[in-house]
Amino acid sequence: MLILGIESSCDETGVALVESSGPGVPVLLGHALHSQIEMHQAYGGVVPELASRDHIRRVLPLTRQVLARSDRDLAAVDVVAYTRGPGLAGALLVGAGVACALGAALDRPVLGVHHLEGHLLSPFLSADPPQFPFVALLVSGGHTQLMRVDAVGDYRLLGETIDDAAGEAFDKSAKLLGLGYPGGPALARLAEQGDPASFRLPRPLLRSGDLDFSFAGLKTAVLTQVKKLGDELASHRADLAASTQAAIVDVLCRKSMTALEQTGLARLVVAGGVGANRELRRQLDAACATRGVRVHYPELHLCTDNGAMIALAAAMRLQAGIQLPNRRYAFDVLPRWPLNAIADGKIGPYPA
Ligand code: KG4
Ligand code: ZN
């Protein structure tokens, strides 16, 4: 079965083709991505209206590219999957509209996928795919969650951020340090040259006993240091970046270990944009090694948003026996859509 996946929830247009046959992990035949980073850079962040318009421009050329690279015809596609949420409403509508138009034209079913489920399952496309059950650390620009994952669709929330997400903490701190958008990778690069012990920054909720996170205070602490340094900032920028990264990574790492202890599971899966962070990977690798825990990451280029994870999530849902929707092609998007709602059945999104 051939599944075409379309991602358009934020500032990346992603398209991919996945083949699923039998019970094994579906195979990625091809994918293509257009990042809008350059376009938004001038504004210091994502401009939703510009994002939507650019998705419109990119999605069909990218689809053609993926089909050509995979050596498949559009007519061979069996199911079209798109990101139904969460994300920017206008941006989501582009992917949903195009997916449904393709579905109607081809007379094929269309499946709306949860963006975070895509991230969560993306490590299955790596050379060393995980096995269920596992603890998942989901760290993106909008979400920071620890989940217990027993099977496709069986997700139990263990803890989450009560304010800013980890990616947001990276991005906002980077802005205070005068680094461009997107701040996370820029801050991580600068941090490589700094001393992480030079500034004492808070690690909120570290000893709270639960698995929740809080990163809003960190941003305030970074601002205080920036103001204190004044003209001296330039010569301490790398040290402050390294200290900020250390605070975020420390909390993510320790809470992940607590989640593993509390669940008794011996497998950790890391997903989402912040999962690309090298220091986070170094610390998690070290902490997991001493505990005999296996840790899995997505391929570096599949950590941030992409179409492959959307096609994969649809394929794995179908393998798990989900009913395909009837071909009504009436669609909606869910800009706010908690991942655990899928498991709890609060919103019955599959099929749309
Ligand atoms: O998963 P993602 O592409 O989009 C969302 O679903 O939100 O994650 C984007 C987030 C941004 O906050 C970005 O700054 C962060 O991931 N990020 C990083 C790194 N690469 C991306 N943060 C720290 N270190 C990185 N290397
Ligand atoms: Zn994402």
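Predicted model, so just to flag it, every value in this text is computed and none were measured. One-based numbering, in listed order, for ligands and for the atoms of each.
- When distances from the Zn ion (ligand 2) to the N, O or S atoms of D305 are compared, OD1 comes out shortest.
- Near S140, meaning under 4.0 Å from any of its heavy atoms, are these atoms of ligand 1: 1 (O), 5 (C), 6 (O), 7 (O), 8 (O).
- Atoms of ligand 1 found under 4.0 Å from any heavy atom of G141, numbered from 1 in the order shown, are 5 (C), 7 (O), 8 (O), 9 (C), 10 (C), 12 (O).
- Ligand 1 has no N or O atom lying under 3.5 Å from any N or O atom of E12, backbone or side chain.
- Other residues sharing the hydrophobic cluster of M39, ordered by chain and number and joined by side-chain separations under 4.5 Å: Y43, V47, L50.
- Residue contacts with ligand 1, taken as heavy atom pairs separated by less than 4.0 Å, involve H115 solely via side-chain atoms from C-beta onward.
- Residue C10 places no heavy atom under 4.0 Å from ligand 1.
- Ranked by closest heavy atom to atom 8 (O) of ligand 1, the top entry among A188, G275, G273 is G273.
- D171 has no carboxylate O lying under 4.0 Å from a charged side-chain N of K175, or vice versa, which leaves the two without a salt bridge.
- When I248, D171, D11 are ranked by how near their heavy atoms come to atom 14 (O) of ligand 1, first place goes to D171.
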Checklist entry - After noting the C-alpha distance and the side-chain angles of R69 and D71, does the key distance pass the salt bridge (Lys or Arg N to Asp or Glu O under 4.0 Å) rule? => result CA-CA 5 Å; R69 278 181 197 170; D71 201 19; over 6 Å; no
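- The pair R282-D285 does not count as a salt bridge, with every side-chain nitrogen at least 4.0 angstrom from each carboxylate oxygen.
- In this structure, the protein non-hydrogen atom closest to atom 24 (N) of ligand 1 is N277 ND2, 3.0 Å.
- A salt bridge does not link K255 with D212: none of the charged nitrogens is closer than 4.0 Å to a carboxylate oxygen.
- No side-chain heavy atom of N277 sits less than 4.5 Å from a side-chain heavy atom of V139.
- For ligand 1 and G142, the ligand atoms under 4.0 Å from any heavy atom of the residue are 7 (O).
- Put simply, the side chain of F134 does not reach to within 4.5 Å of the side chain of D150, judged on heavy atoms.
- Looking only at protein heavy atoms, the nearest one to atom 4 (O) of ligand 1 is D305 OD1, 3.3 Å.
- Note: no N/O pair closer than 3.5 Å links T304 and ligand 1 by distance alone.
- Under 4.0 angstrom from ligand 1, there are no non-hydrogen atoms of R278.
- Residue G167 has at least one heavy-atom neighbour below 4.0 Å for each of these atoms of ligand 1: 12 (O).
- Looking only at side-chain heavy atoms (C-beta outward), E12 and Q36 stay at 4.5 Å or farther from each other.
- Nearest N/O/S atom of H115 relative to the Zn ion (ligand 2): this is NE2.
- Among the atoms of C10, none of the N, O or S atoms falls under 2.8 Å from the Zn ion (ligand 2).
- In terms of N/O distances under 3.5 Å, ligand 1 is approached by G184.
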Kindly list each side-chain donor-acceptor pair under 3.5 angstrom involving residues 187-196, sequence neighbours excluded, with atom names and distances?
unit_1: D195; atom_1: OD1; unit_2: A197; atom_2: N; d: 2.9

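- The pair R84-D332 meets the salt-bridge criterion, with a side-chain N (NZ, NE, NH1 or NH2) lying under 4.0 Å from an Asp/Glu carboxylate O.
- Counted within 6.0 Å of CZ on R53, heavy atoms from surrounding residues, nucleotides or ligands total 12 or fewer; the atom is thus considered open.
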